[in-house]
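These values consider heavy atoms only, across backbone and side chains, with no hydrogens, waters or symmetry-generated copies.
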Amino acid sequence: MMRKLRKITFILFLVGILGVFLASGALAEGIKVGIILPLTGKLAKFGEIEKKSFDLAFEEINAAGGVNGKRIDPIIEDTTGKPDVGRSAIEKLIARDKVVMVGGGYSSSVTWATIAVAQQRKVPFLVNTGSADKITEQGWEYIFRLNPPVSEYPKGFASFLQNVATDVKTVAILHENTLFGQSGSKKFKKQCEKSLGLDVIMKEGYEAGAVDFKPLLVKVKSKKPDLVYMVSYIMDAAMLIRQSKELNLNPKLFVGGAAGFTLPEFQKSTGAAGEYIFSATLWTPSVPYPGAKRYFDKFVARYGTPTEYHGAEAYAAAYVIADALKRAKSLTPRAVRDALAETDMMTVFGPVKFISYGKKTQQNRLPTFLVQWLNGKLETVWPKEVSTAKYVYPFPKWNER
Amino acid sequence: MKRFAPFLLLVILILFPLLVRDDYHQHLMILVLMWVVIGAGWNVIAGYTGQVSFGDAAFFGTGAYTAGLFATKLSISPWWAMAAGGVAAMAVAFPFGWICFRLRGAYFALATLALNEVMRHIATIWEDLTGGMVGILIIQTFVSKVPYYYIALALAVAAVIGVQAVMGSKWGYYFVSIREDQDAAESLGIDTHLYKMISLNIAAFLTGMAGSLYMNYMGFIDPEVVFSLHDISIMAILVGIVGGVGTVYGPVVGAFIMVAVHEFFRTGFFGFFKGLAALTGSQAITTLAKYVMQAHVLGFGILVVVVILVLPNGIVGDWKKITGWLPLGGGRRSAA
Amino acid sequence: MRFFEVKNLVKYFGGLAAVNDVSFEVKEGEIFGLIGPNGSGKTTIFNLISNFHSPTSGSVLFKGRDITGLKTHRICKARIARTFQVVKPLGRMTVLDNVVAAAFSRAKTKHEARDLAMETLEFCGLAHRKDMLAKSLPIGERKRLEITRAMATLPELLLLDETAAGLNPSELVEAIDLIRKIREKGVTIIIVEHIMKVIMTISDRIHAINFGRTIAEGTPGEVANHPAVIEAYLGEAYARG
Amino acid sequence: MEVFLQTLVAGILKGGLYGLIGIGMTLIMGVMGIINLAHGQLMMVGMYITFVCFHYLGIDPYFALLVSMPALFLLGVAIQKYTLNPLIEVESILPENQVLMTVGIGMVLTEVARFIFSSDYKSVQTSYSSSSFFIGEISFSLALTIAFFIAVAFTLFMFWFLLRTDLGRSIRATAQDKDAALLMGVNAQRITILTFGIGSALVAAAGTLLMPIYYLFPDIGGPFTRKAFVITILGGLGSTVGAIFGGLTLGLAEAFGATYIGMAFDDMIGLVIFILVLIFLPSGFKRITKV
């Protein structure tokens with residue numbers, strides 16, 4: 001008898017679970033937009049910032065009346081930072097949730113695995129972070145990219161070298177061995193040698209997360225370059241700068257190639273050592289785009305932590321998505337794609353217009369800036385027209401401060 | 001009944017894409033089948049031969065890169081590289097095994113771990129060949145999932161049947177003898193070094209093939225993805241031990257469970273928590289759902305700890321133990 | 001041509017000589033006993049013959065061929081089989097599979113291997129246990145499994161390491177019977193044994209060692225009365241007492 | 001010359017810390033005969049404790065040693081008692097199931113840390129974090145130099161402990177010959193538990209000492225686990241002196257490799273040395289030093 005009772009409870013339990021699953025299928029009806037981000041795993045930190053920004057933006061859009069009176073329902077899927085899981089996520093979004101378009105896309109490997117599906121299924125995908133050049137070099141008509149590809153990050157810095165730092169003759173390039181570091185540094189080296197006429201005397205990669213960069217830096221020191229250009233993420237960036245200080249390594253210019261050198265954590269963990277460090281960047285709260293600073297403040301007010309360029313990319317992408325949905329003739333993937341192709345708007349991340357140039361198609365083209373840490377604040381120093389402070393050049397020597 | 005179970009399973013698997021037409025589930029099944037192949041390989045060297053490998057990703061990645069390089073450098077269809085990927089993985093396994101099989105037990109395991117990392121570094125640093133972290137990108141051959149599904153199925157079936165055949169032969173007896181007692185095996189005329197090499201190369205071949213399949217199917221690889229210690233090597237171990245160490249169908253069960261569990265956590269128990277939150281409107285459950293979804297690696301970790309403590313021989317290996325617990329299995333227990 | 005011969009075998013572990021200049025010869029078809037107190041180097045000699053350890057110097061000759069330094073599995077192929085003092089059953093395999101694995105060293109097909117294994121099991125009186133897991137056998141039968149497995153490799157020379165240790169009196173009798181039966185099959189046997197009663201009853205000739213050195217050789221009667229042997233064993237008895 | 005000397009200094013200072021990481025691992029390996037693949041993750045936990053002490057309680061990292069070491073000792077004891085020791089009785093095909101278990105424990109620790117602290121980078125910025133002093137042209141990082149001397153002090157203390165105390169002798173006896181130790185009345189279970197605790201506490205110390213100059217996030221454990229086993233194999237299992245040699249060798253090899261071959265090879269150099277030592281010098285430097 002007891003056994004029978006247990007059996008019945010067990011079956012009832014299973015039925016109950018099934019019931020909740022079925023219930024979960026029949027949820028609110030809005031315009032479904034899929035967002036693909038790494039919310040767990042190693043990349044979770046940035047995925048989380050992007051998710052918060054998407055949430056913030058979609059809430060604002062919905063509060064302001066949504067898209068022609070309809071709510072946008074973002075369905076945010078976790079890729080865990082793995083391509084095969086990313087693919088599971090987009091297959092689910094398209095096949096089960098029947099989204100009209102997809103956004104997000106963080107690391108290049110996951111982005112690639114997912115956009116291929118989007119193209120094949122003819123669902124538009126707006127990439128806002130995946131930065132491998134190849135993503136928009138396939139001529140795929142359903143794929144759009146908001147952020148510039150990795151090879152274009154040092155663009156803004158070049159004009160500074162040509163106009164201000166003209167006495168720089170030799171360059172040492174240090175980079176992390178990641179997609180970002182390897183392609184960014186390669187491109188910069190080419191640019192130095194071909195168009196800037198600089199002598200690259202050293203180019204060396206390192207595995208992110210090293211404890212001690214001194215062997216590398218002492219080598220740099222012995223070669224006495226005028227410019228040290230580093231493509232590094234936050235913590236490696238901070239270690240490089242701190243240990244340069246320890247070694248009293250004094251080039252004319254320390255420049256970070258985007259990424260790590262502009263983030264608040266960099267300042268926090270270098271302290272005074274971070275002063276006067278330059279960095280190329282796509283976005284900081286001080287960029288001259290409408291709403292950039294406001295977005296930053298809103299984010300801090302809401303979540304209590306600062307945001308950075310990944311967040312701005314996501315926030316801008318949400319508005320581009322809303323804009324395209326508004327203009328779309330119908331809420332079908334095809335119509336949304338056509339509307340996206342005609343996007344021409346201003347966002348917190350800059351102007352967005354998908355154009356074709358070189359090998360790239362449907363790629364947004366953005367200027368890059370040069371920023372410098374001055375008095376603990378990140379100031380835009382180049383191009384001159386948009387600068388918020390005057391640059392300090394050359395770099396004051398560590399032991400003379 | 002038990003004898004026909006594999007055939008029944010095979011028929012279901014053959015019919016699967018015809019019955020379940022949505023890409024999402026087909027994709028998950030392709031992953032399951034790929035893991036069956038990797039798990040079968042791991043099971044040969046670790047489960048049957050007793051030489052635990054922490055470095056399956058070295059073979060997986062080699063297979064994947066072989067396919068990728070065939071396509072990008074030689075313009076040969078990466079499908080040809082399926083076999084070549086297996087062979088290339090063997091080319092890595094051969095010198096490695098030759099040198100490192102003088103190490104026993106945990107030391108061999110550490111050496112495989114080191115191999116895993118060395119291969120990843122090589123793929124990262126040798127930019128001219130591999131493209132470094134930029135990775136390799138190819139355009140997939142098929143739009144539909146179905147061809148990939150059947151290729152993966154063929155590979156998985158071949159792997160399982162192949163392993164079964166090997167294990168029923170002299171090699172199989174030798175592998176298990178080596179696992180049980182290497183000295184005794186050696187004294188019975190078994191060239192333990194040779195047969196460990198054979199076992200490792202079978203594992204490498206299967207894993208390399210799975211890597212090539214991955215390249216073909218996913219279209220993009222970089223060193224972090226295919227030489228990942230966590231996502232490939234450890235996952236292979238999990239598939240092996242959860243399914244059942246040293247059993248033919250263990251990897252099949254293990255692959256299915258691991259992919260399902262992974263997806264289960266990722267989607268918050270397939271939307272269970274979201275559904276519950278929506279039904280009750282409770283903020284607490286929404287928060288809980290968020291945590292549950294973030295806990296998938298934690299879930300894996302706990303799964304490892306629990307499986308090793310409670311089901312050290314995996315689900316297939318300790319099947320009798322499990323049926324004893326379930327209330328539904330009560331009928332049989334009362335007989336005892 | 002001599003059947004089996006050990007010449008000037010020396011083995012150092014670290015700075016200590018475990019075997020120091022031991023030589024003996026075994027004739028085809030005989031049971032040759034190797035005795036000595038605990039730690040005198042008997043098992044080490046077996047390990048040197050089957051090359052679990054390689055000798056520091058000296059050589060092992062089998063049917064006129066120098067087999068010193070041949071890999072362990074090749075020694076087995078050369079038809080010298082051994083058992084272990086601490087039994088090494090292939091625990092999670094059945095008794096039959098244990099023997100089949102051994103039989104593969106002679107059989108070409110699985111079928112042949114099974115037949116050979118079954119035959120050997122019958123011969124050694126372990127056929128009734130064939131489907132049991134080796135690890136669940138009682139100690140006496142584990143020792144028997146060791147011998148069965150060794151016999152399935154069809155050896156011409158069998159090295160038995162303390163086969164009788166730990167057996168009860170009735171098992172002891174069975175073990176002695178089995179060893180005699182094996183010899184009748186034409187297999188030459190070298191036996192290491194601690195239990196004097198066993199070795200004295202079955203051996204044709206005995207070689208005694210202590211501290212890795214030869215102290216006596218001869219028929220059981222001669223060796224038992226050799227003063228050096230008595231001293232060695234008395235010494236041990238005192239030490240124990 | 002300056003490059004050479006600076007590299008030498010960098011290698012030695014780093015090697016001191018590596019030695020401290022290695023001693024904990026080598027004790028565990030020697031006594032239990034297993035490889036603790038959660039070693040780096042235990043260090044990560046120690047680092048988080050240091051971070052919490054500094055950030056919320058305002059305790060200087062060097063004083064935080066007094067918190068992180070006992071805490072990790074208890075954690076190590078719990079891990080050994082409730083997850084590793086029970087495995088001795090579990091019947092399993094794979095003899096390496098204790099090693100696999102440590103992998104699982106490592107994953108759990110990492111993810112629990114992520115749960116509590118998220119994936120954000122944390123660092124401890126003290127007044128001395130980026131200070132240095134110069135001897136001639138050669139720069140010495142202040143924090144790293146202090147860490148080096150504390151590490152040396154711990155190492156000497158461990159020597160004294162292992163050679164001069166009863167518990168230390170029991171641990172050494174168990175490491176050398178488990179069966180003999182059992183015969184002599186050593187309670188092996190208790191010894192393994194204590195050893196795991198001590199090993200964890202030592203690696204926590206290494207983590208704490210690293211905190212002022214390094215940074216922290218949940219995944220930081222993995223690379224240090226790898227370094228730890230490289231050091232241990234280099235040094236020879238269970239050998240304390242060996243662990244120090246192993247640590248210094250790895251530190252120097254990494255530093256010189258980075259300077260004269262390339263920083264990208266940093267990790268690989270350690271791994272290649274590791275495989276070479278495994279093959280050609282199976283008992284590590286123990287064979288040479290005999291301690």
Rounded to the nearest 0.5 Å, how far apart are NE2 of His230(B) and CG of Asp219(D)? 7.5 Å
First locate atom CZ of Phe265(D), then atom CD1 of Ile125(B), and finally report the distance between them rounded to the nearest 0.5 Å. 4.5 Å
Here the gap from Met268(D) atom CE to Thr124(B) atom OG1, rounded to the nearest 0.5 Å, amounts to 9.5 Å
Contact origin within Leu113(B) toward chain D - heavy atom pairs under 4.5 Å: side chain
Quick one: ring-ring contact (aromatic ring centres under 6.0 Å, His included) partners of Phe101(B), sequence neighbours excluded? Phe108(B)
Partner residues of Phe51(D) under the ring-ring contact (aromatic ring centres under 6.0 Å, His included) criterion, sequence neighbours left out: His55(D)
Contacting moiety of Val112(D), where chain B heavy atoms sit under 4.5 Å: both
Can you tell which of Asn97(D), Val108(D), Thr83(D) has the highest number of heavy-atom pairs within less than 4.5 Å of chain B? Val108(D)
To the nearest 0.5 Å, what is the distance between CZ on Arg226(D) and CG on Leu110(B)? 12.0 Å
Under 4.5 Å heavy-atom distance to chain B, tell me which part of Leu37(D) shows up: side chain, backbone, both or neither. side chain
More than 12 heavy atoms of other groups within 6.0 Å of Tyr260(D) OH: yes
Would you name the heavy atoms of Met107(D) and Ile234(B) that are closest together and state the gap between them? SD-CG2, 4.3 Å
Taking heavy atoms only and a threshold strictly under 4.5 Å, list by residue number the residues of residues 98-105 of chain D that touch chain B; give 'none' if the list is empty. Val99(D), Leu100(D), Met101(D), Val103(D), Gly104(D), Ile105(D)
Using non-hydrogen atoms and a limit below 4.5 Å, what part of residues 301-309 of chain B faces chain D? Gly301(B), Ile302(B), Val304(B), Val305(B), Ile308(B), Leu309(B)
Heaviest contributor of heavy-atom pairs below 4.5 Å to chain D, chosen from Asn313(B), Val118(B), Ile99(B), Ile237(B), is Asn313(B)
